[in-house]
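Structure record follows, encoded as structure tokens.
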Amino acid sequence: MDKIIVRGGHRLQGEVQVSGAKNAALPLLCATLLAAGTHELRNLPGLRDIDTAVQLLHIMGAQTEAGAPGTLRINADDIICAEAPYDLVRTMRASVLVLGPLLARLGYARVSLPGGCAIGARPVDQHLSGLEAMGAQISLEHGYIEARAKRLRGARIYLDIPTVGGTENLLMAATLAHGRTIIENAACEPEIEDLATALQHMGAQIEGAGSDTLTIHGVDSLRPMNHTVMSDRIEAGTFMVAAAITGGDVLVVGAQPEHLEAVISKLRQSGAEVHCVAEGIRVQCNTTLQPLRIKTSPHPGFPTDMQAQFMALLTQADGTSVISENVFENRFMHVSELQRLGAQIRVEGRQATIQGKANLLGAPVMATDLRASASLVLAALAAENTTEISRIYHLDRGYEKLEVKLKKLGADIKRVS
Ligand code: EPZ
């Protein structure tokens, strides 16, 4: 298994290009199941999760052809298999996003229950109750979701929580339903707006994209998508934190300020300088960091996917910070590993208290989930001596060549097998 070795203490300087957004690309790949013909997706990031999603499309019967780097053509004429098997779904729970498209296109879907993961139970009850409201018969047998519907019909759905995946599944299903669907308390993450844009270009009739109320007028069929994936706001935010934690000066090219307002605001509160420029976002930091209070919440609140990264940053702040993780029930797996580097963190339920400024010392640590891995890399950049991070397959799920990009910025970092 690969490891990443970091010698900390180097200020990061220069420019880094953000890749396409994993959390936009995954639902977009699933949306190709909605329409026959040849779809084209550009700016796809080179990630393990993307490979897994493409593998899933192949299992369903889609044919794919790689074009220029980041470009994939997907032919979805013959979607003959409506089953998403357990061994794939368990490696990537976003596979559950084929449920809505398969049900809408074929009238049937058999998708393994995703099961939990390191950060929480991650149920899909909202996905299922929304599809039932649209007329689907759903049963759970042997760990699989079996869903049937001659043709989905429009419904008024009120989500108990603004679930990202639930909103995406129901949005995709509604595009081919008979009649009008209204999804209230929908998630408003930018990735959902990107998906809605692609669906509209496919001929879907959607109002309210990017808001908490989506109205979809079903159509009989859709045409193939031709779409460029938005930039990854979480990767961008991770590089912005890397600049701040090393006291550096980094231009994150392709970062979109309108997707990162809460992150920009918190970075500025911590004392970093954040400049929104034409090419992206520039972060400079040469002062002592100030402590923060952070509460994660659905967009446009502070993103849970940036929580672990900010925890690493706040170990270097001069004072006591408090982070409340309000989206997932177990997203503090990075705490014990950060403590191995010398971080002073106390967890009580959903709240972590970080005492700074901690003098971090390199040590062997272990990645436990995607954003925890990023948090350990960030802490290692600020730690003295050498840090060895194992199980970085977690990192490869969501960051394209992270060590290569950081090395270009001046980090002393390498991957060893
Ligand atoms: C998406 O996961 C992202 N993944 C996650 O990013 C992100 O952390 C999350 O949204 C929140 O922003 C992708 O987009 C592929 P949710 P998702 O459904 O859709 C509960 C990363 O690091 N819930 O909004 O699974 C659930 O248990 C990943 O890139 C229900 O109770 O998130 C969780 O506590 C990690 N019932 C909360 O809602 C449901 O039916 C948020 O889940 C659905 C969700």
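Start at 1 and go down the list; that is how both ligands and their atoms are numbered.
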Practice task
Going by the side chain to side chain donor-acceptor pair (under 3.5 Å) test, name the single residue among R371, H334, R331 that passes it with Q307.
Solution key: H334

Practice task
Measure across M134 and A174 and return the closest heavy-atom pair with its distance rounded to 0.1 Å.
Solution key: CE-CA, 3.5 Å

Handout entry: atom 25 (O) of ligand 1: the protein heavy-atom neighbour that sits closest, reported with distance to 0.1 Å
Key = R93 NH1, 2.8 Å

Problem - Option whose closest heavy atom lies nearest to atom 44 (C) of ligand 1, chosen from P123, G166, A21 - result: P123

Practice task
Measure the distance from atom 40 (O) of ligand 1 to every protein heavy atom, then report the residue, atom name and distance (to 0.1 Å) of the closest one.
Solution key: Q126 N, 2.7 Å

Practice task
Write out the residue and atom name of the closest protein heavy atom to atom 18 (O) of ligand 1, then the distance separating them to 0.1 Å.
Solution key: T163 OG1, 2.7 Å

Fill in the blank from the handout: closest protein heavy atom to atom 3 (C) of ligand 1 is N23 ND2, 3.7 Å

Handout entry: Nearest atoms (heavy-atom pairs only) where K22 meets D232
Key = N-OD2, 3.2 Å

Exercise for the section: Kindly say whether G166 contributes a backbone atom to a donor-acceptor pair with the side chain of H127 at under 3.5 angstrom? Expected result: yes

Fill in the blank from the handout: Of all protein heavy atoms, the one nearest atom 32 (O) of ligand 1 is F328 CZ, 4.1 Å

Exercise for the section: Taking D305 for its side chain and I234 for its backbone only, find out whether a donor-acceptor pair lies under 3.5 Å. Expected result: no

Exercise for the section: May I ask you to identify, for K22, whether its side chain, its backbone, both or neither come under 4.0 Å of ligand 1 on a heavy-atom basis? Expected result: side chain

Practice task
Measure the distance from atom 11 (C) of ligand 1 to every protein heavy atom, then report the residue, atom name and distance (to 0.1 Å) of the closest one.
Solution key: T304 CG2, 3.9 Å

Problem - Option whose closest heavy atom lies nearest to atom 12 (O) of ligand 1, chosen from V164, I192, D160, L128 - result: V164

Handout entry: Short side-chain to backbone donor-acceptor contact, N75 and D77, under 3.5 Å
Key = yes

Handout entry: atom 6 (O) of ligand 1: nearest protein contact (heavy atom, Å)
Key = D305 OD2, 3.0 Å

Handout entry: ligand 1 atoms in contact with H127 (distance to a heavy atom under 4.0 Å)
Key = 40 (O)

Problem - Geometric N/O contact G165 with ligand 1, under 3.5 angstrom - result: yes

Practice task
Check whether any N or O atom of R371, backbone or side chain, sits under 3.5 Å from an N or O atom of ligand 1, and answer yes or no.
Solution key: yes

Handout entry: Nearest atoms (heavy-atom pairs only) where S95 meets L88
Key = OG-O, 4.1 Å

Completion exercise
Among non-hydrogen protein atoms, atom 2 (O) of ligand 1 lies closest to R122 NH2, 3.4 Å

Exercise for the section: Say whether R331 and ligand 1 are in contact under the criterion: heavy-atom distance to a ligand atom below 4.0 Å. Expected result: yes

Exercise for the section: Report the C-alpha distance between R233 and E191 in whole Å, list the side-chain angles of each, state the deciding distance to 0.1 Å, and finish with yes or no for salt bridge (Lys or Arg N to Asp or Glu O under 4.0 Å). Expected result: CA-CA 9 Å; R233 62 191 170 103; E191 291 76 18; 2.7 Å; yes

Completion exercise
In terms of heavy-atom contacts, P85 and E83 come closest through CD-O, 3.5 Å

Practice task
From the options V327, V124, I161, select the one whose nearest heavy atom is closest to atom 38 (O) of ligand 1.
Solution key: I161

Handout entry: R397 touching ligand 1 at heavy-atom level, < 4.0 angstrom
Key = no

Exercise for the section: Check for a donor-acceptor pair, side chain of E146 on one end and backbone N or O of S139 on the other, with a separation under 3.5 Å. Expected result: no

